[in-house]
2 protein chains.
Amino acid sequence: MEKQHNLSKNQKIIFDLIDKSPEPLKAYSILFNVQKKGINAPLQVYRALDKLVEIGKIHKIESRNAFIACQNSSCQISKATAFSICESCEKVSEISNTKLSKYLSNFADESGMKYSKYNLEFFGLCKKCKSK
Amino acid sequence: MEKQHNLSKNQKIIFDLIDKSPEPLKAYSILFNVQKKGINAPLQVYRALDKLVEIGKIHKIESRNAFIACQNSSCQISKATAFSICESCEKVSEISNTKLSKYLSNFADESGMKYSKYNLEFFGLCKKCKSK
DNA sequence: TAACACTATGTAATAATATAACATTTACAA
DNA sequence: TTGTAAATGTTATATTATTACATAGTGTTA
């Protein structure tokens with residue numbers, strides 16, 4: 001059984017917004033969207049985002065500085081993430097492919113480093129954009 | 001034979017700085033370092049960085065907003081990059097592992113997307129930091 | 001329940017990262 | 001030599017993220 005994280009008020013407001021969004025959201029776009037709910041300052045947003053990332057409810061798309069809800073119930077708490085990103089329409093999806101995650105989680109090279117975490121971003125054209 | 005890219009003056013100044021650095025450099029730290037050479041504005045730095053990334057002479061470490069010189073002569077012009085990052089000392093190395101790059105370059109999932117590019121960042125503790 | 005530690009919140013200011021808009025110059029191929 | 005693409009220079013501004021400080025809520029345990 002996974003640890004239950006009871007989200008606080010701000011965390012819940014921000015998670016719900018991200019979770020409903022069909023696309024990754026940026027911090028300041030989140031801020032504008034939640035100002036009517038009493039969240040007024042960037043720091044309030046960033047603090048909630050940090051926490052949500054930490055507990056694995058959302059992920060940061062590093063190449064886009066944007067956040068999406070975790071789509072992967074078996075996600076190892078943000079320790080192993082992979083995304084596909086369409087460079088034309090900017091659609092982002094989380095990839096959950098057991099082979100891929102096994103391969104990467106077990107990856108080791110000659111450096112002697114033991115990797116505890118990874119983030120992978122694939123880029124290309126999605127089906128729709130390819131056929132245009 | 002690979003295409004020869006003759007770097008312009010600013011590109012060369014900035015590439016040389018990054019290439020000599022043992023660690024990834026951030027754009028504004030680059031700016032401060034090259035001001036004595038007549039590069040005065042952020043945009044001049046970002047333009048050179050963009051070009052250098054485009055032609056594969058440097059890579060951006062997305063999770064750190066920093067840039068390192070390409071260590072991998074066989075690197076497919078920035079289309080396929082992998083890095084190891086120590087979360088303690090922040091040492092970053094480019095991983096050049098044929099198996100890994102083949103595996104990822106050929107990766108395909110059910111989405112129907114054909115990936116033309118990827119970026120992978122591994123995190124952990126390097127040998128030194130592990131033994132502390 | 002009082003004391004404590006921990007997490008979360010609120011607010012203002014500012015730091016760090018990146019781009020827009022516009023004018024000019026250089027490199028080089030047709 | 002003229003046309004075009006690439007590069008440069010400069011100012012201003014947009015976007016992303018953190019520091020510093022004060023306060024309030026939550027849950028544990030003595």
Side-chain angles (χ1 to χ4, degrees), chain A residues 3-18 21 23-68 77 85 87 90 92 119 121, chain B residues 3-18 21 23-68 77 85 87 90 92 119 121:
Chain A
K3 186 176 173 193
Q4 173 69 31
H5 287 282
N6 294 307
L7 301 184
S8 73
K9 180 176 141 281
N10 289 1
Q11 288 160 16
K12 188 156 178 15
I13 291 170
I14 287 171
F15 174 71
D16 285 345
L17 183 67
I18 296 172
S21 171
E23 63 200 358
L25 294 179
K26 301 186 149 233
Y28 276 73
S29 119
I30 292 170
L31 176 58
F32 298 141
N33 267 285
V34 297
Q35 279 180 326
K36 43 183 173 275
K37 303 216 170 162
I39 296 177
N40 303 301
L43 190 49
Q44 293 175 288
V45 173
Y46 280 104
R47 280 197 287 223
L49 290 173
D50 285 351
K51 187 69 186 183
L52 291 167
V53 166
E54 186 193 325
I55 64 178
K57 300 281 286 180
I58 64 172
H59 304 303
K60 182 173 188 182
I61 309 300
E62 292 287 355
S63 67
R64 299 296 186 262
N65 298 317
F67 300 84
I68 64 168
I77 314 264
I85 302 172
E87 290 185 296
E90 291 293 322
V92 174
N119 179 55
E121 298 181 5
Chain B
K3 186 177 171 190
Q4 173 69 30
H5 287 283
N6 294 307
L7 300 184
S8 72
K9 179 176 142 279
N10 289 0
Q11 288 160 15
K12 188 156 177 15
I13 290 170
I14 287 172
F15 174 71
D16 286 344
L17 183 68
I18 296 172
S21 170
E23 62 200 359
L25 294 178
K26 300 185 150 236
Y28 275 73
S29 120
I30 292 170
L31 176 58
F32 298 142
N33 268 285
V34 297
Q35 279 180 326
K36 42 183 172 278
K37 303 216 171 164
I39 296 176
N40 303 301
L43 191 50
Q44 293 175 287
V45 172
Y46 281 104
R47 281 196 285 223
L49 290 173
D50 285 351
K51 187 68 185 185
L52 291 167
V53 166
E54 186 193 325
I55 64 179
K57 300 281 286 179
I58 65 172
H59 303 303
K60 182 172 188 181
I61 310 300
E62 292 287 355
S63 66
R64 298 299 186 261
N65 298 318
F67 300 84
I68 64 168
I77 315 259
I85 302 172
E87 289 185 297
E90 290 293 322
V92 174
N119 179 55
E121 298 182 4

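By convention in this document, chain letters (A, B, ...) are assigned in the order of the sequence lines, proteins followed by strands, and residues within each chain are numbered from 1. Note that this is a predicted model, so its numbers are computed, not measured.
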Worksheet item: Sequence neighbours excluded, which residues qualify as salt bridge (Lys or Arg N to Asp or Glu O under 4.0 Å) partners of A/Glu90?
Response: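 A/Glu90 satisfies salt bridge (Lys or Arg N to Asp or Glu O under 4.0 Å) with A/Arg64 once adjacent residues are dropped.
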Worksheet item: If you look at every heavy atom in A/Lys57 and A/Phe15, which pair is closest and at what distance?
Response: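 Closest pair (atom of A/Lys57, atom of A/Phe15, distance): O-CE1, 3.5 Å.
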Fill in: Nearest heavy-atom neighbours spanning A/Ile14 and A/Val45
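Heavy atoms of A/Ile14 and A/Val45 come nearest at CD1-CA, 3.8 Å.
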Does [N] have its OP1 or OP2 closer than 4.0 Å to a side-chain nitrogen or oxygen of [X]?
{"X": "B/Asn10", "N": "D/dG9", "value": "yes"}
{"X": "B/Ser8", "N": "C/dA27", "value": "no"}
{"X": "B/Lys51", "N": "D/dA6", "value": "no"}
{"X": "B/Gln44", "N": "D/dT8", "value": "no"}

Output the rounded distance in Å from [atom1] ([X]) to [atom2] ([N]).
{"X": "B/Asn40", "N": "D/dA7", "atom1": "CG", "atom2": "P", "value": "19 Å"}
{"X": "A/Lys26", "N": "C/dT17", "atom1": "NZ", "atom2": "C1'", "value": "11 Å"}
{"X": "A/Arg64", "N": "D/dT15", "atom1": "CZ", "atom2": "P", "value": "17 Å"}
{"X": "B/Ile39", "N": "D/dT10", "atom1": "CD1", "atom2": "P", "value": "11 Å"}
{"X": "B/Ile30", "N": "C/dT17", "atom1": "CD1", "atom2": "C1'", "value": "12 Å"}
{"X": "A/Glu62", "N": "C/dT17", "atom1": "CD", "atom2": "P", "value": "14 Å"}
{"X": "B/Leu25", "N": "C/dA16", "atom1": "CG", "atom2": "P", "value": "16 Å"}
{"X": "B/Lys12", "N": "D/dT8", "atom1": "NZ", "atom2": "P", "value": "13 Å"}

Worksheet item: Looking just at side-chain N and O atoms, do B/Ser63 and B/Glu121 make a donor-acceptor pair shorter than 3.5 Å?
Response: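 Present: a donor and an acceptor within the cut-off.
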Worksheet item: Start at the 5' end of DNA chain D and walk down; is the nucleotide closest to B/Ala41 or to B/Gln11 reached first?
Response: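 Between the two, 5'-proximity favours B/Gln11.
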Worksheet item: Going from OG on A/Ser29 to CZ on A/Phe67, what distance comes out if it is rounded to the nearest 0.5 angstrom?
Response: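 Answer rounded to 0.5 Å: 11.0 Å.
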Worksheet item: Is there side-chain contact between B/Val92 and B/Glu23, with heavy atoms separated by less than 4.5 Å?
Response: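 Counting from C-beta outward, B/Val92 and B/Glu23 never come under 4.5 Å.
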Fill in: Heavy-atom check, side chain of A/Lys9 versus side chain of A/Ile13, under 4.5 Å
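Contact flag for A/Lys9/A/Ile13 side chains = yes.
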Could you pull out the protein-nucleic contacts involving nucleotides 17-24 of chain D (nitrogen or oxygen on both sides, under 3.5 Å)?
| unit_1 | atom_1 | unit_2 | atom_2 | d |
| --- | --- | --- | --- | --- |
| D/dA17 | OP1 | A/Lys60 | NZ | 2.7 |
| D/dA17 | OP2 | A/Tyr46 | OH | 3.1 |
| D/dA17 | N7 | A/Tyr28 | OH | 2.8 |
| D/dA17 | N6 | A/Tyr28 | OH | 3.0 |

